[in-house]
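The figures here come from the full heavy-atom set of this structure, side chains too, leaving out hydrogens, waters and symmetry mates.
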Protein chains: 2
Amino acid sequence: MAKKASVRDVRRSNRALLLRRLVLAGETSRSDLGAATGLSAATVTNVVAELIDEGTVNETGFLNSAGGRRRVLLHVDPDAAYVFGSDVSESQVTTCLFGLTLTRLASRATRFTGRRIDPARVGEIVAGQVAELLAEAAVDPARVLGLGLGVPGVVEHPATPDAVVHADVIGWDTAGFGWLEAALGIPVLVDNGAKTTTQAESWYGSARGAEHAIVALIGDGAGAGIITNGRLYRGASSGAGEWGHTKISLTGPACRCGSFGCVESIVGASAVLRSWRGADEFAGREPLGVEALLDAYRNGDSAAVRALDEATQHLGLALANLVNLYNPEKIIVGGWFGDLIARDRPEELRAAVRRFSLKQPGEQAVVERSQLGMDAVTLGAATLPVDRFIETGLIPSTA
Amino acid sequence: MAKKASVRDVRRSNRALLLRRLVLAGETSRSDLGAATGLSAATVTNVVAELIDEGTVNETGFLNSAGGRRRVLLHVDPDAAYVFGSDVSESQVTTCLFGLTLTRLASRATRFTGRRIDPARVGEIVAGQVAELLAEAAVDPARVLGLGLGVPGVVEHPATPDAVVHADVIGWDTAGFGWLEAALGIPVLVDNGAKTTTQAESWYGSARGAEHAIVALIGDGAGAGIITNGRLYRGASSGAGEWGHTKISLTGPACRCGSFGCVESIVGASAVLRSWRGADEFAGREPLGVEALLDAYRNGDSAAVRALDEATQHLGLALANLVNLYNPEKIIVGGWFGDLIARDRPEELRAAVRRFSLKQPGEQAVVERSQLGMDAVTLGAATLPVDRFIETGLIPSTA
DNA sequence: CATATATATTTTGGACTATAAACTAATGTC
DNA sequence: GACATTAGTTTATAGTCCAAAATATATATG
């Protein structure tokens, strides 16, 4: 149901509209803001004055005029607030410190020795990294907006600090990070890593400006994020968009999620390698295996050609299901394995998507390569607290 | 992107909130409205006064009190406006006249002799039915909000009068109904039949009150509608939610859409009958065939048991994909064949959905039978103009 | 039956909003 | 230097919700 609205909501919404544009555009002027948002010049003046008073925005010079008063340059003060973004993967935890404009200021990575790391240990590592980065950058903790955490697995209610994380794949059942928030003294927002990457692509990557887009990430596994009406789609309790474990085969191979026929178990790198060699020859060193596969493919090895052709067709089919269900303007293909397919066989992939989707949505969907690299997870995670700041306007110290 | 907001939007949004509740609740009071929406008593008084002035709402008596001033009964005047809803199927066109409260006042149905009816002919039939119903009910055409049209196939931009309809299945390529709007002199809103049914289930059926729900309709074919944040999900250009033609098999049987492995071609009634008998024995009279199948099943016929078991599993898998992607609170299963499965084998279906979906979203999704019958298409179609009236507040004569 | 109590609704006054229109500021052109 | 042009600010106004006070109308109770 829609919620009741009041005049205050109007201001919050328009302030968010302007601040979002200020953050994303980097540098603008009041008249640009008015033209871009449709708000009257008076309102722009009013809201911008508020943002300048707060210290969020600065006037930093003038734009040359071609007849008429010069426009005053506005930009978000990168030191007005700071934010952390963490990428928790199966073998490594990376945390970066960003300014309010989401420029990366510093970074820390910690690799694991064994597998099956538990949530508490991850929390400790992140807390340590945050402390180190704070010291290194000499940042006032009171100016930190929060920490965004991109994790593998399904995350319920990422807006709440004590989000419940289900990640059977790496052995977490239901882990919460509320204690981490208490320990760090800053807000912690948790979300699925594919979703944070999607957020990054939506703010700064190939999905920029798209109202309806899909970001499909294929590595060893497969995940996706869905942008709907310009925003990340999360469903009833945020566990939406779990494309990697939708089924595209009634009989297919077993998946590590316990089921079978999942997209991940058919188009993921290890699955494709297995179908090429018929055995788990490259277990644990899939990137090497994929290099070998691509070499063989380029040399015309018939098994390699068949394996890659099939992988492309199956990926196209799995993406076509998303096209039929979400009718996106754009599909961004990424992840280390997905990126290779999108780079080396873009036309085959496009054709496969069109082939398996309905005519109308299929023709409307543009398939593109991801623009952001592996850093997208931390960047996207960092957008979570920034997004909340933009929407609610909570000043760090009062958050 | 979010749009700019102004104080007027606040009123429009709150007015819509109250009017929607008035339409759906049937009968309420000002204090109920305040409690339900969170709006202050003053605002409720204010907005309700406006609605009464307009003639949309009436005061119709009092509610007995148990100490304190009596509540004044409010309800939407069913004769304040009228609306038509049409169901265009492959063999029949049905149009009903409704009051503003969506009570069915009169109805007309026209069957086709041959197959492949063209859009122009459908428009003519609908126009004739509308004229007859107007005369029969002696309704002032100026008080008609519009006509909602539920059609098979993909509909682009159903909000615009000249929506483009793609319905390969019944031989329409791109048909528009803008001319019908001109001919009738009332707004025409077109949408896919599964989507209008979903809207009906959301307003008056099993999905009532659910913020995130899926309505899956399985007859001879299969279609679905998706409710997200309390509203029907339509994607970039409305062609979203085409579940019936998502693929769940890499090799599966050919589908009438030209592809293969589609949900529709695996769990649709004719597909199941074919898998039971191994041939198209019941083509054109599938309902009879399904009766025979159910009889055989109850008598323990092993082929029938296997066919129905498989159909239930496959339907569960196809629904599980939606569960993973949309994380709904509820799944409503309907359509004449889907309803039989949901009626006769509810537990098997629930188990199959859980089995093929991820743990967290799978446990949250409740599987239920549809409550509305075949009339849901016309009812849902009629909600389209009513919904627009609620949101925009356009009076019929000025629309 | 007078009074107290309870609930529903309306009236009043205040706090906020956006915006149109008038106004000020600063630049380039002729 | 007069004028046109563009940017931004100030002012006046209309519209919004809401808290609080006022009013209306019930039941309960001695």
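Judged as a salt bridge (Lys or Arg N to Asp or Glu O under 4.0 Å), and not counting sequence neighbours, the contacts of Glu59(B) are Arg30(B). Glu329(A) meets the salt bridge (Lys or Arg N to Asp or Glu O under 4.0 Å) test with no other residue; sequence neighbours excluded.
Contact annotation for Val7(A): base contact, defined as any heavy-atom pair under 4.0 Å involving a base atom. Val72(A) comes within 4.0 angstrom of sugar-phosphate atoms only, judged by non-hydrogen atoms across all strands, and of no base.
With dT9(C), dC18(D), dT9(D) as the choices, the nucleotide that has an atom nearest any side-chain atom of Thr45(A) turns out to be dT9(D). Listed nucleotides: dT9(C), dT9(D), dC18(D). Nearest to the side chain of Arg30(B): dT9(C).
Looking at which nucleotide of DNA chain D each of Leu73(A) and Lys4(A) is closest to, the 5′-most match is held by Leu73(A).
Residue Leu63(A) contributes atom CG, which lies 11 Å from atom C1' of dA7(D) at whole-angstrom precision. Between the CG atom of Asp32(A) and the P atom of dA7(D) there is a distance of 8 Å, rounded to whole Å. Atom pair Asn46(B):CG and dG13(C):C1' shows a separation of 14 Å (rounding to whole Å applied). Per the geometry, CZ belonging to Arg71(B) stands 15 Å off P belonging to dT10(C), to the nearest Å. In this structure, the CZ atom of Arg12(A) is 15 Å from the P atom of dC17(D), given to the nearest Å. Atoms NZ (Lys3(B)) and C1' (dA18(C)) sit 14 Å apart, rounded to a whole Å. Between the P atom of dT17(C) and the CG atom of Leu39(A) lies a distance of 13 Å, rounded to the nearest Å. Put simply, CG on Leu18(B) is 10 Å from P on dC18(D), counting in whole angstrom units.
Contact annotation: Arg11(B) side-chain N/O to dC17(D) OP1/OP2 distance is under 4.0 Å. Residue Asn64(A) places none of its side-chain N or O atoms closer than 4.0 Å to OP1 or OP2 of dT27(C). Residue Ser31(A) has a polar side-chain atom (N or O) positioned under 4.0 Å from OP1 or OP2 of dG8(D). Contact annotation: Arg8(A) side-chain N/O to dC17(D) OP1/OP2 distance is not under 4.0 Å.
Summarising the geometry of Gly150(B) relative to Ala381(B), their closest heavy-atom pair is N-CB, 4.0 Å, with the distance given to 0.1 Å.
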### Query
Would Asp191(B) and Arg234(B) count as a salt bridge (charged side-chain N to carboxylate O under 4.0 Å, His left out) if you check the C-alpha gap in whole Å, the side-chain angles of each, and the deciding distance to 0.1 Å?
CA-CA 10 Å; Asp191(B) 207 346; Arg234(B) 289 194 165 102; 2.4 Å; yes

## Note on the structure
In B/S/- notation (B base, S sugar-phosphate only, - none; protein heavy atoms under 4.0 Å), nucleotides 19-26 of chain D written 5' to 3' is B---BBBB

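Under a 4.0 Å N-O distance rule, the pair Glu201(B)/Lys330(B) does not qualify as a salt bridge. Asp32(A) and Arg21(A) are not joined by a salt bridge, as no carboxylate oxygen comes within less than 4.0 angstrom of a charged side-chain nitrogen.
Judged purely by atom type and a 3.5 angstrom limit, Glu181(B) uses its side chain to pair as donor or acceptor with the backbone of Val188(B).
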